[in-house]
Amino acid sequence: MIEETFIHTTPGDPRIEPIIDGLFAEYRARYGDYFGEQEEEPPGIYAPPDGAFIVLLRHETPIAMGAFKRYNVTTAELKRIWTHSSMRRQGLAQKVLLELERLAALQGYDALYLTTGFRQPEAVRLYLSQGYQPQFDPAVDPERYALPPFDGRLPFTKTLLSQPVRRSA
């Protein structure tokens, strides 16, 4: 029997260092220095009440993860959705995505926003299959979005089905 559990944690949790390293190694392999140096994120940005950072464990081993942070008063921004390369094609990213949606609704968000890179067709397919609305033309070769005036990011939005109580500013 496959034992899978979500844990709530932080990006600095030493237990999940291998999966964080895997995420950034994949970004480097796909994009090189296209996106340049990433800014350091403030500690706690993914912590409640404004965010969440979850990791899916299989038999205590981190295999997939995702997070969200506050984008604005009504919208959460999804980040760091990633599955270990040896665990792909099992629906794990979808599990993570659905759990993030559930948590964001519980925390009072009405909508979600995310971006993925122009070299991540599997992510584009996932978001489209889960009802996310592309804020770009998915029929255009995604490499076009790597050229000015674009910045390489492919944005999506989604309204959450349950409309929780609105958050305070």
Kindly indicate, with the supporting measurements, whether the criterion side chain to side chain contact (heavy atoms under 4.5 Å, CB included) is fulfilled by L23 and M65. CA-CA 9 Å; L23 166 76; M65 67 179 177; 3.5 Å; yes

For Y113, all residues meeting ring pair (Phe, Tyr, Trp, His ring centres under 6.0 Å), sequence neighbours excluded: Y71

Closest non-hydrogen atoms of A93 and L126, given as atom of the first, atom of the second and distance, are CB-CD2, 3.8 Å

Contact summary for I16 and F53, nearest pair of heavy atoms: CD1-CE2, 3.4 Å

Whether the side chain of R88 engages the backbone of T83 through a donor-acceptor N/O pair (distance < 3.5 Å, no angle test) should be reported. yes

Test item: Y127 and Q120 side chains (from C-beta on) under 4.5 Å apart, heavy atoms: no

Could you pull out all residues at least two apart from T10 that satisfy side-chain contact (heavy atoms from CB on, under 4.5 Å)? D13

Yes or no on side chain to side chain contact (heavy atoms under 4.5 Å, CB included) for Y132 and L114, after CA distance, side-chain angles and deciding distance? CA-CA 9 Å; Y132 284 76; L114 66 87; 3.8 Å; yes

Could you walk me through whether S85 and E26 pass the side-chain hydrogen bond (donor to acceptor under 3.5 Å, both in side chains) check? CA-CA 9 Å; S85 60; E26 184 163 336; 6.0 Å; no

Pairs in or reaching into residues 127-150: which pass salt bridge (Lys or Arg N to Asp or Glu O under 4.0 Å), with residues at least two apart or in two chains? R119-E143

Within residues 124-136 or reaching into it, pairs that qualify as salt bridge (Lys or Arg N to Asp or Glu O under 4.0 Å) - sequence neighbours excluded: none

Those residues that, when tested against E122, pass side-chain hydrogen bond (donor to acceptor under 3.5 Å, both in side chains) (two or more places apart): R30

For Y46, side-chain hydrogen bond (donor to acceptor under 3.5 Å, both in side chains) partners two or more places apart: E41

Polar side-chain atom of Q135 near backbone of Q133 as donor-acceptor pair, under 3.5 Å: yes

Least distance between heavy atoms, T116 atom then A123 atom: OG1-CB, 3.4 Å

Residue set satisfying side-chain contact (heavy atoms from CB on, under 4.5 Å) with I7, at least two apart, ordered chain then number -> T9, R15, V55, L57

More than 12 heavy atoms from other groups under 6.0 Å of CD on E17: no

Would you confirm whether the ring centroid of F136 sits within less than 6.0 angstrom of the ring centroid of F150? no

Non-neighbouring partners of K158 that pass side-chain hydrogen bond (donor to acceptor under 3.5 Å, both in side chains), sequence neighbours left out: E101

Between Y109 and D50, what is the shortest heavy-atom contact and its length? OH-O, 2.7 Å

In sequence, state the C-alpha distance, the side-chain angles, and the governing distance for V124 and L154, and then conclude on side chain to side chain contact (heavy atoms under 4.5 Å, CB included). CA-CA 8 Å; V124 170; L154 306 176; 3.8 Å; yes

Non-neighbouring partners of S86 that pass side-chain hydrogen bond (donor to acceptor under 3.5 Å, both in side chains), sequence neighbours left out: H84

Residues which pass side-chain contact (heavy atoms from CB on, under 4.5 Å) with P48, listed by chain and number, not counting sequence neighbours: Q107

Quick one: do L92 and L98 end up in the same hydrophobic cluster if we chain Ile, Leu, Val, Met, Phe, Trp and Tyr together by side-chain heavy atoms under 4.5 Å apart? no

Provide the full list of salt bridge (Lys or Arg N to Asp or Glu O under 4.0 Å) pairs with a residue in residues 53-69, sequence neighbours left out, each pair given once. E4-R58

Worked verdict on T159 versus D110 for side chain to side chain contact (heavy atoms under 4.5 Å, CB included): CA-CA 6 Å; T159 301; D110 297 336; 5.8 Å; no

In this structure, is the centre-to-centre distance between the rings of Y145 and F118 below 6.0 Å? no

Any donor and acceptor pair, going by atom type alone, linking the side chain of T75 with main-chain N or O of N72 inside 3.5 Å? no

Closest heavy-atom pair, L103 versus A52, reported as atoms and distance to 0.1 Å, is CD1-CB, 4.3 Å

Closest heavy-atom pair, A104 versus L112, reported as atoms and distance to 0.1 Å, is CB-CD2, 3.8 Å

Once side-chain contact (heavy atoms from CB on, under 4.5 Å) is applied, do any residues pair with F6, and if so which ones, sequence neighbours excluded? I54, L56, K95, V96, E99

